[in-house]
Amino acid sequence: MLAKRIISCLDVHDGNVVKGVKFKNISTIGDPVELAKRYCEEGVDELVFYDISASYENRKALLDVIERTAININIPLTVGGGVNTIGDFYNLLYAGADKVSINSGAIKNPLAITEAAKRFGNQCVVLSMDVKMTSDGKWTAFTMGGRTNTFMDAVEWAKKAESLGAGEIVINSIDNDGVYGGYDLKITSLISEAVSIPVIASGGAGEIKHFKDAFTVGGADGALAASLFHRNQLDIGLLKRTLASSGIPIRLL
Amino acid sequence: MNLLIDYGTGNLHSVKAAFQRIGIPLTLSNNPDEIETADFVILPGVGAFGDAMDRLNQSGIASALKKRFEYSRPLLGICLGMQLLFESSDEAPGISGLGLIKGHFKKLTPRPDAPKIPHMGSNTLDLANDNVLNYSGNWAYFVHSYALTYTEPGVVLFTTHYGEAIPAVVRKNSAAGFQFHPEKSGQSGETMLKTMITQLFEGGLNGIISSD
């Protein structure tokens, strides 16, 4: 039976893992390679490196960090941040990424999804979308770390990305990010029902129940968390054993 | 020498590192002559069937692999690399694979108990009827949208279940393939590699796996 995935996201800034609240107040948490190894040993199913400054400052993700990490782990690694062109995909995949996530680059040039899928396969093209509920009550895609409203309906954008060739969608809730109140289950389930590619819930995990809700209520295939794991607020082994004993298919070590 | 074929399809670091850990050091190569005669060759795979076959054909690697197979030299395909051992795929209509083993890959279709494509994540392996391998290990990491539909008797050794039985480990003569990524399957992937690799190839891999 296919297991639901627990994904640990490391926001990388200048070669360090950092965490902010609602994309602000950034603080350093540790070394990406060491953290990646630790998560791998603790039983995380996948890792994500997200170069949070790359999109804004037009910087490339740190290829040497990826390279050093890839040889030290035995689980999949997704890398994103500042991805715009097929060349960015190539560089990140060659450095050791298994999947590449594209966010504002795909909004600027949606055909980048198609081009990358054709060259590297759909499975390694991840659409990452930053979603926020606007004052008119609609979930909308934002870019530039939540600074810029694209006025694109989140569900419509997800469907379009699937038709362009994306193999997976990560839904980052800007409203819920870093506040430990649970994932945005509504937008997660709306998108999960609208597309037939895997959907990952992101932003807001604070306790075990939130992960269970992401899978059962949100229909997510994976659930991503960052600071909850980095700050040891939730033990990954305990999380996975609890989910497994409540009937969620989970990979146990 | 043991080679990992570099044909421009992405991440090779983790395959190299995983084989290093089980005592099989790999050298990257895109040289058809080396690929034809090396002790052991791995055809990795991230990418699309058509694009990958174009690269293998244009570089001369495709004919080197066919000759390897004629001479019964061990060859392991991983994920797309496994798919390329067969004849064809829905992913690239009209394009011939290496054709070492009879078989076609069809696009997976969403089913009520398997609604999302690609089939992505950890899944368990089941023994197929024809299995002759001893096996330990459990979860295997899959990420693919195409599955082997038919092949010759005896080729499928393990399957996984995702809406239907999907061939996961195959072998014919000196060519074997994993649909999943053992190098991404955590500790159980390494255990699987260790226990399967010596059994997969006729005559074993004597002299290939270092004793330390």
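The analysis underlying the following values was restricted to heavy atoms, covering all of them including side chains, and did not include hydrogens, waters or symmetry mates. The structure presented is a predicted model; accordingly, all values stated were derived computationally and were not measured.
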B/Lys184/A/Asp98 salt bridge by N-O under 4.0 Å criterion: yes
Residue-level interface, residues 236-245 of chain A with chain B, non-hydrogen cut-off under 4.5 Å: none
A/Cys40 versus chain B, the contacting section by heavy-atom distance below 4.5 Å: neither
Atom group of A/Glu162 that falls short of 4.5 Å from chain B, counting heavy atoms: neither
Leading residue by heavy atom contact count with chain A [cutoff under 4.5 Å; candidates B/Arg21, B/His144, B/Glu91, B/His181]: B/Arg21
Best-contacting candidate, B/Gly186, B/Ser14, B/Ala48, against chain A by heavy atom pairs under 4.5 angstrom: B/Gly186
Interface moiety of A/Arg5 toward chain B, non-hydrogen atoms closer than 4.5 Å: side chain
Residues of residues 106-123 of chain B contacting chain A, heavy-atom criterion under 4.5 Å, by residue number: B/Pro110, B/Pro115, B/Lys116, B/Ile117, B/Pro118, B/His119, B/Met120, B/Gly121, B/Ser122, B/Asn123
A/Lys99 portion near chain B, given a 4.5 angstrom heavy-atom threshold: side chain
Region of A/Leu253 that comes under 4.5 Å of a non-hydrogen atom in chain B: neither
Among the listed options A/Ala95, A/Gly43, A/Gly121, A/Pro76, the residue most often paired with chain B at heavy-atom distances under 4.5 Å: A/Pro76
Any B/Tyr162 side-chain heavy atom under 4.5 Å of A/Met1 side chain: no
A/Ala116 versus chain B, the contacting section by heavy-atom distance below 4.5 Å: neither
Interchain contact, A/Val195 with chain B, by part (heavy-atom threshold 4.5 Å): backbone
Side-chain (B/His13) to main-chain (A/Tyr94) donor-acceptor, under 3.5 angstrom: yes
Region of A/Glu67 in contact with chain B, defined by heavy-atom distances below 4.5 Å: side chain
Selection from A/Ser192, A/Gly219, A/Pro249 maximising heavy-atom pairs under 4.5 Å formed with chain B: A/Ser192
More than 12 heavy atoms from other groups under 6.0 Å of NZ on B/Lys172: yes
Portion of B/Gln20 that has a non-hydrogen atom of chain A nearer than 4.5 angstrom: neither
Exceeds 12 heavy-atom contacts within 6.0 angstrom, atom NZ of B/Lys66: yes
Contact winner vs chain B - A/Lys4, A/Lys118, A/Gln123, A/Glu41, heavy-atom pairs under 4.5 Å: A/Gln123
Separation of B/Tyr141 OH from A/Asn74 CG (nearest 0.5 Å): 12.5 Å
